[in-house]
Amino acid sequence: MRYLLRKLVLYAFIAWAAVTMNFLIPRLMPGDPVTLLVDRVQGQVDPAAVEALREAFGLSDANILRQYIDYLGSLFSGDLGLSITFYPVPVADVVSGAMPWTIGLIGVTTVIGFVIGTGLGVLLAWRRGSWTDGFLPGLTFLNAIPYFWMALVLVMIFAVNLGWFPVSGAHTPGLRPGWNGEFITSVLWHALLPAITIVLASFANWVIGMRNMMVTVLGEDYVTMAEAKGLPERTVMVRYAARNAILPSITGFALSLGTVVGGSMLTEVIFNYPGVGYTLFQAVKNQDFPLMQGMFLYISVAVIIANLIADVVYVFLDPRTRQEA
Amino acid sequence: MNDDVILEARNLVKEFRTGTGVGPRGAARTFRAVDDVSLELRPGKVTALVGQSGSGKSTVARLMAQLYPLTSGEIRLDGQPTAATRGRAFTRYCGSVQMILQDPFSSLNPLHRVSHVLGRALRIHGNAGADVTEASLRLLERVNLTPPERYLDRFPHELSGGERQRVSFARALAATPRVLLADEPVSMLDVTIRKEMLDLLDRLRRESQLAVLYITHDLGSAEAYSDETLVMYRGKVVERGSSRALISDPQHEYTQRLLAAAPDPRRRLP
Amino acid sequence: MSRRLIPASGKVRAGLIIVAFFLLLAAFGPMVAQHSPTASGPHLLQPPSAEHWMGTTQLGQDVFAQFAHGARISLAVGLIAAVVAKIISILVGVIGGYFRGLTDEALYILTAVFLVIPAMPLLIVLTGYLPSRGVESVAVVIAITSWAGSARVLRAQTLSLRRRDFVEAARATGESRWRIITSEIMPNELPLIASGFLFSVIAAILAEAGLSFLGLGSLTTTSWGSMLYFAQSSQAFLFGAWWWFVPPGLAIALIGAGLALINFGVDEYANPRLRTGKKRRDRSKGRRAQALTVAGSGLAAAETVPAGSGSAEEVAGASTSAGGRIGESALTDSGDDLDTAPAAIRHNPVAGEPVIEVRDLNVEYPTEHGVVHAVQDVSVTLHRGEILGLAGESGSGKSTLTNTITRLLRSPARVTGGSVLYHRHAGREPIDVLTLSAPALRAFRWAEISVVFQSAMNALNPVLTVYAQFDDVLRVHRPRMSARERMALARTMLEKVGIDPDRVRSYPHELSGGMKQRVAIAIALVLDPDIIIMDEPTTALDLLVQREVLDQIMSLRDEFGFAIIFTTHDLALLLEIADSVAVMRSGRLVEYGPALDVYRAPGHPYTRMLLQSLADLGAKL
C-alpha cells in the first residue's frame, strides 16, 4: 500500500501545481494580459460582467501572496467566479451542468476504446508474422486522424447524407430531461455517433501499444513454459502473455488520458454536444477567461482522479506493487 | 615486505542505502555490502577474491577502482591515501589502476568500433604517441587479436565473446596500468576460452609485472591462477592465505562447504 | 556510418514518400497556387474544377491555395514545437537519469506534473492569454505542454544505460562525465530521441489543428486547423462541401502515418547491431529497455521488436555462434583434428527400456549468411529412469535439440529430417512426437514430458501465485480433480521439494532464486511425467544452492523414476551425476556413451580438450 500512498502524495502535489498554475498564468503572461483583456471585452459585454472579470482576477492592489491566499480560499468554498458568457451564472454551475454529459460520453467511450484496442492488440501480437500485420500501417493512419475531423466526416456521411443519426445535440430539443424511457432513448440515440467517432479515433493508439508490449512478453520464458505445460492457446495468450503485457498498457492508459480527453472534447464541438468541450469552445469564442480557467481546473482534477483509478487497478493487477517492504 | 605494495585497501566499508529516503514512510535503511575488508596488491602477484553472488566481492573491486565513494576505510596507492572519484586526480588514478568487467557482451558500447574504444583510452592517458592507430594495433597484438588490422574497424557485435573480452583487456592496457582489477573476467565465457583468457592474463602479469586482483566465484581457478586467496561471505573476509594452502586445507566452515559443493566426477569412481 | 543508404523496408519507403510529398507541397505549393489563400472570388462553394483545383470556400477562396499555405504553417509549427520539446525533454530526462539524487527527484516531479495535467485545456488557457499569437509563439506553447512524455522515457532509458557495464567501463577508463553522457549514453538513446521526435511532430501538428479549430491558432495565417474552423463554422458539412474540410484532416492523418512508418526504420538505422541482421545476445536487457520505451509513452508506437523475434531466442544463440563463434576454440587450440575426428559414439550406453528415441535428427535455421545446421544427424536414446547429460558450449545445438524434442522450436527453425519417438509402454507402437496434431500435442505435453527452464526467475509467471501455476496444469490435464484435491496436490508437491506448503499462496517475487527453481521442479513433477527436460537448471544458482537443488533432483528421481535430459556446459557436473553423457559441438554429436566411460576414456579430441580445460581451471577431475 506504500506504493499507492506515494502516488497519492504525488497526485496531491500535481493537483496543487495545477491550481497554482491556474493562479499564475494570467499574472505571469507578458504584457499584463488581464488589463488588456478587460479592455478587449469592454463594450462587448455587460459592464457588470467586466466588473466580475476584474474581481475574478483579484485585480486589486493587494500583494501577490494575499491574492494567492484569497484565491485558494474562494477555490475551497467552490467559488470560481462568474462566467461572462452565461453572466451572471457562476462558473462552477456552468461546469457542473456540462460535466455529466462529458463523463457519460467521453468517460464511457474512452474505456470502450481501450478495451477494444487492447483486445485487438493482443490478437495482432499473437498472430504476428501473418497477414494480420497488414493492418499496422492502416492503424498508424487511424491513430493520426484528428478526432474532430473524423467527427466532421462521419457527420457528413451518416447524419447529413444518409440521415441515420441526428446531426447535433444531446437529445431531441424540447424534451424535458428526466428518468423516462423517451428521454433516455433520445439521449442514447444522440450519443451513438459521437461515441462511435471517439472509439474509432482512439482505439488504434491502444492497439499499437498493446501489440508491442505483447510481442515483448511473448519472448519471455514463462510464456514458453505455459506452452510446454500443454495449456490451451487461449490460456497462454490471456493468462500468461496478455496478463503481463497489460501492466505497462495501464500506465500508458493513464498517461494518454489527457490527450484522449483533449481530442474528445473537440468532437463535442462538432456535435454541439453540451459537454465540457462544447462549453469550452463557447468560452473561447467569448473570451470568457473565468470559465476557461474553471474548465481547466475541473478537467485537470478529473484526469488526476482517472490516473489514481488506473494506479489502483495497477496495484490490483500486479502483485509486485503490493509488497510490504 | 610492506614497501613493495602498490595498492592497498584498509578496512574498507561500503554501505548502500535501500528505500527511497523520501516521504514519511520511505525510511532509508542501509545495507552493508562490504564490511571491514583489507587487502594488498603487489607487482607480479595475483590476489584472488572468492565468493558467491552478493558476497560483496565486486563492490570491493569497484571501491578499489574509486568508482564508488567509501563509507569508511582508506585506499592507498604507493603508500599515499587517495580519494579521487572524479576530475583530474581520478584520471591520474585510472592511469595506474584499471578494471575489467565480467560481461563481455555489455562492457563495450555497441555503437563504438574497436578503434574508437582503444583510441579514447590511449588519448585519455596520453599514451597515443604520434600515431594512435599504430598504438592501437600494438595493443591488439598484445592481447592475441591477430592480425590486428582485422579487428580495428569492427563493432562489438561483430566479435565473439572471447574476442570482446580481449578488447576489454586491450582497453585496460592502454592506460599502462600497474594494477589490474579483474571482476570475474571469464565467468561468462565458454570453458575452453576461459583457459585462454586466464593464460593471457597470466602472460600480461608477467610481462608488465602487473598487480592483479582476480575476482571469481570459482575456488578451482583461484588455486590455479593466484598466489593469495581471500574468501568473502556476506561482506566479510572469512578466510585468507596462500592459495594452495587455503584450498588444500580450508579452515573456515564456509570455505569447506564451497569446496565440497563443487562438481566432482571422482565421487562416481568405485 | 550506415552501410545501407536505401531503406530496406517498404513501410519506411512509403513513409518517406508521404512526408517528402508534403514537404514539397509546403515549399512550392504556395508558388504554384494561382490564387491568394485569403482573396475571395465570385465562385462560392464550388467543387474542384480546372480553375480551382480543390474547389472554393463559402467566401469563394481557393481551397488549394489555403491547403498549400496550411501545409507550411502546420509543418512549421510541428517542427519548431518538436525541436523545442525535444531539447527540454533531453535536458530533463538525461540529466535527471544520470545525476540521480535531489536533481532527479525534482525533475521527476516536474515531469509528472506536466505529464498528468491534460495538455489541451492547458494549451487553451495559455494561448488564450498570449498577447499576440504568431506561429512561433503557438509552437513554443505547444512544446511547453508536450515535452514531459519523452522526458520520462529518456529518463528511464538513461537510468538503465548508466547501469550498463560499458558506462562503468568508460568511467573506469577515466572518461569525464560530460563525455560519458554525450559519447556513451546519448548515442544509444538516438533511436529513442529520433522516434520521440517523429511523434512530437505528429502531436504538435494535431495540437495546432485543435487550437486553430477552436479559433485559438495563429491569427495571421491560414493553417489546416483554421481551414477546418471556418469549414465547421460555416456548416460546410451540411452543404456536402467535402473538398473544403476533407483535405486538411486527411493530410494531417497522412503525415502522421508517414512519420510513424518512418519510425519503423529508425531503429534499424541508428543501431549497428540490427544493421547486419544479427540479434543481440543479452536480449533480456535490451527487451526490458524497449519495454520501458513502450510503457513510458502512449505515443511510442514504435515497433521496436521485429515481428517474430519473440520466438527467435534460440535462433539468436544458434546463428551467432554457429555462424561465426565456434571457430574460436578450434582456431586457437590443438589443431584441425577437432573437425575431422570421427565421433565417439557408443550406442545404447545404458541397458533398459527406451522412452525417447531421437533418430537422425536434422534442424536448420535460415540466416542472412546462409543456412545454419543447428542439429545434424543426431541420434540418442533416453531410457526409463536414466539421466542423460547433454553437454556443449554456447551454440553447440543442445538447446535446439531439446526444443525439438518438446516441440518448442520456433520458426524460422525447421526440422529437415529424422524423428523423435516416444515409447509410451513397452511393446506398444511408439509415437513420433514431431507429427503429433495440436490437440494430441497439448495432451502429451507436461503429462509425458515436462521442462525445467534455465532461469526460474523468468519461468514463473510474475502475476500468478504458485498455486495458480499448479492449478492451470491440473485443470487441463486432470479435469476430474476437485479444487480441494488440486490444492492438496500442490501442497504435497511443494513439500516434496522441501518448501513450506503454505508458500503455495506466494507470488514468485516473494521467493528466493533457489526456491523458485524448486517450485519450477515441483510444477514439472506434478503430473508424474516419464521425462523431464532440464535446461541448465542450476547454472544461474550459486554453488551451494546448486548443490542442494541437485541433491533434491537426484532423490526425486529415485522416488518418482522419471528420466532426465540434463543440459549444461559444465561437463564435470554431468560426469558426476549423469548415467550417460552426450557431447555436442557445432550441431553434431561428437561423443556419446556411459558417463563413467566418457570420464575414463574420452573418445573424441573435443571431449579431451574440454576435460583438459576444466582440469587447467582447477576443477576436480
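The shown structure was predicted, so the numbers you read here are calculated from the model rather than taken from an experiment.
Contact annotation for A:F13: only side-chain heavy atoms (C-beta onward) come within less than 4.5 Å of a heavy atom of chain C. Looking at C:F114, only its side chain comes within 4.5 Å of chain A, counting heavy atoms on both sides. Neither the backbone nor the side chain of A:M295 comes within contact range of chain C; no heavy atom of the residue lies under 4.5 Å from a heavy atom of that chain. Only the side chain of A:F148 comes within contact range of chain C, with at least one heavy atom under 4.5 Å from a heavy atom of that chain. For a residue to count as touching a neighbouring chain, one of its non-hydrogen atoms must lie under 4.5 Å from one of that chain's; by this rule A:M150 does not touch chain C. No part of C:I533 comes within reach of chain A, as not one of its non-hydrogen atoms sits under 4.5 angstrom from that chain. Heavy-atom distances place the side chain of C:V476, and not its backbone, under 4.5 Å from chain A. Contact of C:L122 with chain A is made through backbone and side chain together, with heavy-atom distances under 4.5 Å. For chain A, the nearby parts of C:F245 are the backbone and the side chain; heavy atoms of each come within less than 4.5 Å. Both the backbone and the side chain of A:V269 come within contact range of chain C, with heavy atoms under 4.5 Å apart. If you measure heavy-atom distances from C:A260 to chain A, the contacts under 4.5 Å come from the side chain alone. Proximity to chain C (any heavy atom under 4.5 Å) is restricted, for A:N307, to the side chain, taken from C-beta onward. Looking at A:V167, the atoms closer than 4.5 Å to chain C (heavy atoms on both sides) all sit in the side chain, from C-beta outward. Within the 4.5 angstrom heavy-atom criterion, only side-chain atoms of A:L280, from C-beta onward, approach chain C. Within the 4.5 angstrom heavy-atom criterion, atoms from both the backbone and the side chain of A:I304 approach chain C. Of the atoms belonging to A:I270, heavy atoms from both backbone and side chain fall under 4.5 Å from chain C.
Separation of atoms CD (A:E227) and CZ (C:R445) is listed at 5.0 Å; rounding is to 0.5 Å.
Applying the salt bridge (charged side-chain N to carboxylate O under 4.0 Å, His left out) rule to C:R475 yields the partners C:D471; only residues at least two apart in sequence or on another chain are considered. Partners of C:A14 by side chain to side chain contact (heavy atoms under 4.5 Å, CB included), not counting sequence neighbours, listed by chain and number: C:L261.
For the pair C:E510 and A:R320, the salt-bridge criterion is not met [side-chain N within less than 4.0 Å of a carboxylate O].
Heavy atoms of other residues, nucleotides or ligands lying less than 6.0 angstrom from OH of A:Y11 number more than 12.
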